[in-house]
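Reading through the structure tokens given below for one structure.
So that the names make sense, note that chain A is the first sequence line, chain B the second, and so on, each numbered from 1.
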Number of protein chains: 2
Amino acid sequence: MGIRKNIKTKTIDQASEPTLKRLPVYILHLQELESKGAQYVSAPAMASVLEFDSTQIVKDLSVTGIKGKPKVGYNVTELRQTIEEYLGFNKKNEAFLVGAGKLGQALLSYHELQGFGIKIIAAFDVDEDKIDTQYGNTPILHIEKLGALAERLEVNIGILTTPNSVAQSTAEAMVKSGIKAIWNLTPIKLKLPNNIIVQDTSMYANVAVLLKKHHSSEKGESN
Amino acid sequence: MGIRKNIKTKTIDQASEPTLKRLPVYILHLQELESKGAQYVSAPAMASVLEFDSTQIVKDLSVTGIKGKPKVGYNVTELRQTIEEYLGFNKKNEAFLVGAGKLGQALLSYHELQGFGIKIIAAFDVDEDKIDTQYGNTPILHIEKLGALAERLEVNIGILTTPNSVAQSTAEAMVKSGIKAIWNLTPIKLKLPNNIIVQDTSMYANVAVLLKKHHSSEKGESN
DNA sequence: TCTAAATAAAGATTTTATTCTTTATTACTT
DNA sequence: AAGTAATAAAGAATAAAATCTTTATTTAGA
Ligand SMILES: NC(=O)c1ccc[n+]([C@@H]2O[C@H](COP(=O)([O-])OP(=O)(O)OC[C@H]3O[C@@H](n4cnc5c(N)ncnc54)[C@H](O)[C@@H]3O)[C@@H](O)[C@H]2O)c1
Ligand SMILES: NC(=O)c1ccc[n+]([C@@H]2O[C@H](COP(=O)([O-])OP(=O)(O)OC[C@H]3O[C@@H](n4cnc5c(N)ncnc54)[C@H](O)[C@@H]3O)[C@@H](O)[C@H]2O)c1
């Protein structure tokens, strides 16, 4: 009502989700530039390679607080590091994986993830054949040990790769164990307290978009 | 100017991408309702379970053309089938998977995907140890055979799970083989002709969002 | 048969994200 | 040293999506 409009002083560094999702694309591109020995890169130059709008790139990068120089661009290494720091990749991001099945094991062997912030230090399962074995260098433990270990090792990030049928109950158990952020790779919409961060990566959602666009384009829509 | 504003007559059935991504969530929920024997469900009822806004559900479902009845809701089975038909799950969606590594194999064993439209009928790789073996019931073939087989079997959907380093070149080979829609599970931003449908599922992007939100919430932001 | 409650559907508003425009800074050129 | 071209940065306009509001329909109950 007239007064009071900008109460959002606290949400300064809140980048939009689309922006956050583009930042890793920039990191990969910058890594490639670094490997080629490039020192500087401009937003328009990145734009032409990545096929993004150049002003959008400038906006995206500005959320990290970095400053570019007109006529020169950004220092490649500094830019990459600034983005990584902004995303928290340099913080301690140890995670537990729950559900060491096919997808879980793929993630356990996906060591590149470490370069993007997350390090899986243990996996949990209920399958006796898997429990107390190792996958790669990662131990697979009984799910009952989750709570005690999460507390002792101060782990508060969890990756959920159990079957759909137990996704909700397992997620609740993770929360009870002190997990604060869950990367949910099941297609289930989890119902959890809203102080818990949940990031969904649903294959079904992506397949749905792919198929719909595919069939629409076949029908000859301009798109 | 002045005249000509609504040139978009052709894009009638164009649902937004957020809507398309929610449709599979509805399908899963409807399947559960069916298994419980429910006949009808209303949008507000779904909303309370899924924690969505009920008017958004109504809007989402309306893109499929289905009509609900006031005071009753939607017929559960009819609604599920209508969504599935809308998304093209009942069409022939045979796909090739390229790169039969850890992630590729997880997808090959992920038979639930068939219920969501996609059936992987062959995989392709360059690793001699894998070529001409089977994974599950799916043959793994030499990448050179991709073109001929795609033509003969009329496959035009491809799943890309090769290493990052060859993602772009492999995608180009897929396009040359007649693939029209690519589900890209690498984090690489592909540059392809824009009549090719590309759906990215980047783990990095999701990890970035998760970590940023997690660290922001730790700093005590209201979010 | 009429009334009331529930809810789908359509439309309006608000919010969010992208794209466009302008301004100002910097380095290169002559 | 002055002028010019390139580009970052800030702001405005546009477009898209989500949410809110109103209307109309339909069933259940009086
Ligand atoms: N396989 C894929 O490629 C793929 C792709 C996308 C999404 N997903 C999703 O990922 C999830 C897992 O799929 P998957 O193919 O790896 O299944 P999977 O059956 O291979 O693995 C599931 C694992 O979870 C374990 N488990 C079962 N109940 C558990 C519990 N209560 N606590 C802890 N662990 C438990 C099982 O023992 C098993 O090891 C599913 O939700 C699936 O929809 C899988
Ligand atoms: N492992 C995971 O959990 C995971 C998760 C998310 C994303 N990814 C991404 O998925 C991709 C594959 O990851 P991965 O862990 O399965 O790797 P991987 O090394 O296990 O598998 C890659 C496969 O591709 C094959 N290959 C190599 N060059 C090829 C070519 N030119 N044509 C066809 N096949 C070729 C290899 O022989 C191998 O079988 C990567 O881009 C990775 O970033 C992996």
_Spacing between B/Tyr40 atom OH and C/dA8 atom P, to the nearest angstrom_ = 13 Å

*Which heavy atom of B/Thr201 sits nearest a heavy atom of A/Asn206, and at what distance?*
OG1-CG, 3.1 Å

*To the nearest angstrom, how far is B/Gln56 atom CD from C/dA12 atom C1'?*
16 Å

*asked:* Between C/dT19 and A/Lys59, counting only base atoms on the nucleotide and side-chain atoms on the residue, is there a donor-acceptor pair under 3.5 Å?
replied: yes

*Heavy-atom distance under 4.5 Å between the side chains of A/Leu190 and A/Leu160, does that happen here?*
yes

_Check the orientation of A/Phe96 and A/Phe124. Use parallel for under 30°, tilted for 30 to 60°, and perpendicular for over 60°._
perpendicular

*Figure out the CG/P separation between B/Leu61 and C/dA8, and round it to whole Å.*
9 Å

_Considering every strand and a 4.0 Å limit on heavy-atom distances, what is the contact class for B/Thr55: base, sugar-phosphate, or nothing?_
base

*Atom CG of B/Asp60 and atom P of D/dA18: how far apart are they, to the nearest Å?*
8 Å

*Once the angle between the rings of B/Tyr204 and A/Phe116 is folded into 0 to 90°, is it parallel (under 30°), tilted (30 to 60°) or perpendicular (over 60°)?*
parallel

*Which whole-number value in Å describes the distance from A/Lys21 NZ to C/dT18 P?*
11 Å

_Can you measure B/Ile57 atom CD1 to D/dA18 atom P for me and round it to whole angstrom units?_
13 Å

*Listed nucleotide nearest any side-chain atom of A/Ser42, set C/dA5, C/dA8, D/dT7*: D/dT7

*asked:* Distance check needed: C/dT7 P versus B/Lys67 NZ, whole Å only.
replied: 19 Å

*For the pair made of CG in A/Asp53 and P in C/dT21, what is the distance, rounded to whole Å?*
11 Å

_Closest listed nucleotide, where the reference is the side chain of A/Pro70 and the choices are C/dA8, C/dT26, D/dA18_ = C/dT26

